[in-house]
Amino acid sequence: MPELPEVEVTRRSFVSAIENATILDVYCGKPLRWPLGIASAELIGRRVRTVRRRGKYLLLDLDAGMLLLHLGMSGSLSFGGHLPARGAHDHFELRTSQGTLRLNDPRRFGAVVFAPHEDAPQARKLLGGLGMEPLSPDFDLERFHAGLKRRKAAVKQVLLAGDVVVGVGNIYASETLFMAGIRPTRSAAKLGLARVGRLRAAIREVLERAVNQGGSTLRNFSSANGEVGHFQLDAMVYGREGQACRLCTTPIRRVWQGQRATYFCPVCQKN
DNA sequence: AAAAGCCCCTGGATGC
DNA sequence: TGCATCCAGGGGCTTT
């Protein structure tokens with residue numbers, strides 16, 4: 001579900017529909033990861049300026065303050081004038097003059113947090129440590145290389161940590177390292193410029209393609225306006241333990257790194 | 001400062 | 001069919 005492409009596709013699917021809408025009512029269901037941080041009544045009457053994205057966070061800019069929204073592992077948004085009746089996992093709703101924004105999140109790892117402004121502690125706590133945006137021009141080779149240089153941990157885990165580059169989730173981490181021919185357990189600091197260059201290209205390519213094709217469909221992703229993503233991630237390694245590598249037929253291996261599965265081809269990803 | 005573990009929660013798949 | 005176990009796409013927090 002929500003890796004960077006899904007979050008971006010979701011944003012695009014409702015940003016123009018919600019811009020300039022006035023908040024009429026707020027619904028909070030079961031608690032999410034953190035409390036909203038403001039009495040919901042205080043949001044009523046404020047207007048939604050626009051919706052931005054930073055990493056996997058959506059930022060709803062209000063005329064006073066902002067809402068930071070995260071989809072966690074199982075969250076999805078819908079926006080519309082006539083949404084179906086609320087279900088058991090619909091835990092947050094913003095009813096506006098232009099439609100209702102609804103968060104469905106079975107596992108409730110997601111969050112909606114109010115911050116008075118982007119430099120306020122509530123926002124800095126969540127956004128402060130984020131790395132470069134992979135699809136923006138500031139994701140250049142030198143800075144990426146420098147960022148990896150000062151991390152001795154395994155490159156897979158550095159990608160996931162998001163403090164060097166954001167938006168590379170567990171699936172894309174395995175996939176992009178395969179594309180770049182890099183062993184996931186390799187120390188990030190030890191990667192040479194050529195490999196870092198291949199990794200950077202792989203990250204850009206995969207994420208960009210997924211965004212352009214409407215979000216990857218790791219299961220059944222659909223954006224806030226109900227459109228279904230068409231990008232079938234044809235995994236080269238992810239989820240393919242024991243199956244033949246699509247390039248060299250060697251069985252794909254699975255290892256655990258920081259309580260998460262990593263997949264790689266021992267031959268195509270020598271080091 | 002960085003790295004390693006832990007944990008939040010529900011549901012689907014699998015195995016007995 | 002029922003029940004237990006394992007696993008899941010994230011990431012902040014606490015402990016080393």
Side-chain angles (χ1 to χ4, degrees), chain A residues 1-10 29-35 37 53-58 68-77 87-92 103-113 115 121-131 134 146-177 184-190 203 206-207 210-211 215-223 229 231-242 254-263:
Chain A
M1 276 185 266
E3 297 215 21
L4 184 145
E6 288 87 337
V7 176
E8 176 60 19
V9 168
T10 298
K30 280 189 174 182
L32 295 165
R33 180 161 190 175
W34 294 293
R53 179 188 59 76
R54 178 74 177 98
K56 293 173 186 166
Y57 284 93
L58 287 177
L68 293 83
L69 226 135
H70 199 286
L71 302 178
M73 290 254 255
S74 58
S76 63
L77 288 176
H89 301 305
D90 295 326
H91 299 304
F92 181 84
L103 172 67
N104 179 277
D105 186 4
R107 289 177 75 178
R108 294 192 279 128
F109 287 2
V112 183
V113 173
Q122 300 95 316
R124 296 191 66 134
K125 180 179 85 162
L126 303 179
L127 306 177
L130 296 184
L148 295 177
K149 253 288 165 303
R150 62 187 116 84
R151 302 294 298 278
K152 290 186 178 152
V155 57
K156 153 76 169 2
Q157 297 188 254
V158 174
L159 288 181
L160 271 193
D163 50 358
V164 176
V165 60
V166 296
V168 183
N170 204 40
I171 294 178
Y172 291 138
S174 282
E175 292 299 312
T176 54
L177 286 167
T185 48
R186 180 121 180 120
S187 164
K190 289 187 178 167
I203 290 169
V206 170
L207 294 183
V211 169
S216 61
T217 58
L218 324 161
R219 290 215 219 292
N220 30 15
F221 168 74
S222 68
S223 56
F231 174 56
Q232 289 293 342
L233 176 73
D234 197 11
M236 297 295 279
V237 289
Y238 187 86
R240 300 191 67 242
E241 182 188 21
R254 175 172 70 162
V255 295
W256 291 101
Q257 292 183 284
Q259 12 277 86
R260 307 200 104 119
T262 302
Y263 298 84

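Please read these numbers as outputs of a predicted model, since none were measured by experiment. Lettering follows sequence order; numbering is per chain, from 1. Worth knowing before you read on, the calculation uses all heavy atoms, side chains too, and leaves out hydrogens, waters and symmetry mates.
Whole-Å rounding puts the A:Leu207 CG to C:dG9 C1' distance at 13 Å. Summarising the geometry, the separation between CG on A:Leu4 and C1' on C:dG9 is reported as 13 Å, rounded to the nearest angstrom. Distance, A:Leu71 CG to B:dC9 C1': 16 Å, rounded to whole Å. The distance from atom CG of A:Leu69 to atom P of C:dG10 is 17 Å, rounded to the nearest whole Å. Between the CZ atom of A:Arg151 and the C1' atom of B:dA1 there is a distance of 10 Å, given to the nearest Å. Here C:dG12 presents its P atom at 7 Å from CG of A:Leu130, a figure rounded to the nearest Å. Taking atom CE on A:Met73 and atom C1' on B:dC7, their separation rounds to 11 Å, with Å as the unit. One atom, CD of A:Glu241, and another, P of C:dC6, lie 16 Å apart when rounded to the nearest Å.
Residue A:Arg108 is classed as a sugar-phosphate contact, given heavy-atom separations below 4.0 Å to backbone atoms only. Heavy atoms of A:Arg260 sit under 4.0 angstrom from at least one base atom. Within the nucleic acid shown, A:Gly258 has no heavy atom closer than 4.0 Å to any nucleic acid atom.
Between A:Gln157 and the phosphate of B:dA3, there is no side-chain N or O to OP1/OP2 separation shorter than 4.0 Å. For A:Lys56 and C:dG11, the shortest distance from a side-chain N or O to OP1 or OP2 is below 4.0 Å. Checking the phosphate oxygens (OP1, OP2) of C:dG12, a side-chain nitrogen or oxygen of A:Tyr57 falls inside 4.0 Å. Between A:Tyr238 and C:dG9, a side-chain N or O to OP1/OP2 separation shorter than 4.0 Å is present. Between A:Lys30 and B:dC9 there is no side-chain polar atom (N or O) within less than 4.0 angstrom of OP1 or OP2. Put simply, A:His70 has no side-chain N or O that comes within less than 4.0 Å of OP1 or OP2 on C:dG10. A:Lys125 has a side-chain polar atom (N or O) that falls below the 4.0 Å cut-off from OP1 or OP2 of C:dC13.
Mapping A:Arg107 and A:Ala161 onto DNA chain C via the closest heavy atom, the residue that lands nearer the 5' end is A:Arg107. Each of A:Arg150 and A:Pro106 was assigned the nucleotide of DNA chain B with the nearest heavy atom; the assignment lying further toward the 5' end belongs to A:Arg150.
When all heavy atoms of A:Tyr263 and A:Pro184 are compared, the pair lying nearest together is O-CG, 4.4 Å. For the pair A:Pro2 and A:Gly72, the tightest heavy-atom approach, listed with the atom from each and the gap, is CG-O, 3.2 Å. Between A:Leu4 and A:Arg53, the shortest heavy-atom distance links the atoms CD1-NH1, 3.2 Å. Among all heavy-atom pairs drawn from A:Gln122 and A:Val113, the shortest one is CB-CG1, 4.4 Å.
When each of B:dC8, C:dA8, B:dG11 is scored by its nearest atom to the side-chain atoms of A:Arg254, the top-ranked nucleotide is C:dA8. Taking only side-chain atoms of A:Ala261, from C-beta outward, the nucleotide of C:dA8, C:dG12, B:dA3 with the closest atom is C:dA8. The A:Trp256 side chain lies nearest to C:dC7 when the options are C:dG12, C:dC7, C:dG10. Distance from the side chain of A:Gln259 is smallest for B:dC6 among the nucleotides B:dC6, C:dG12, B:dC9. Closest approach to the A:Arg33 side chain among B:dA3, C:dC7, C:dG12 is made by C:dG12 (side chain taken as heavy atoms from C-beta onward).
For A:Lys149, the NZ atom sits in a packed shell: over 12 heavy atoms of surrounding residues, nucleotides or ligands are nearer than 6.0 Å.
Both geometric conditions, a ring-centre gap below 5.5 Å and a plane tilt below 30°, are not fulfilled together for A:Phe109 over the base of C:dG11.
Pair assignment for B:dA3: C:dT15, on the basis of Watson-Crick or G-U wobble contacts that are both within less than 3.5 Å. Base pairing of B:dC9 is not made with any nucleotide, judged by Watson-Crick or G-U wobble geometry with both donor-acceptor distances under 3.5 Å.
Only the P atoms considered, B:dC6 is 15 Å distant from C:dC6, to the nearest whole Å.
Applying the salt bridge (Lys or Arg N to Asp or Glu O under 4.0 Å) test to residues at least two apart or on different chains, the pairs with a partner in residues 151-173 of chain A are A:Arg151-A:Asp163.
Put simply, the residue from A:Asn104, A:Leu58, A:Val7 that forms a side-chain contact (heavy atoms from CB on, under 4.5 Å) with A:Leu77 is A:Leu58.
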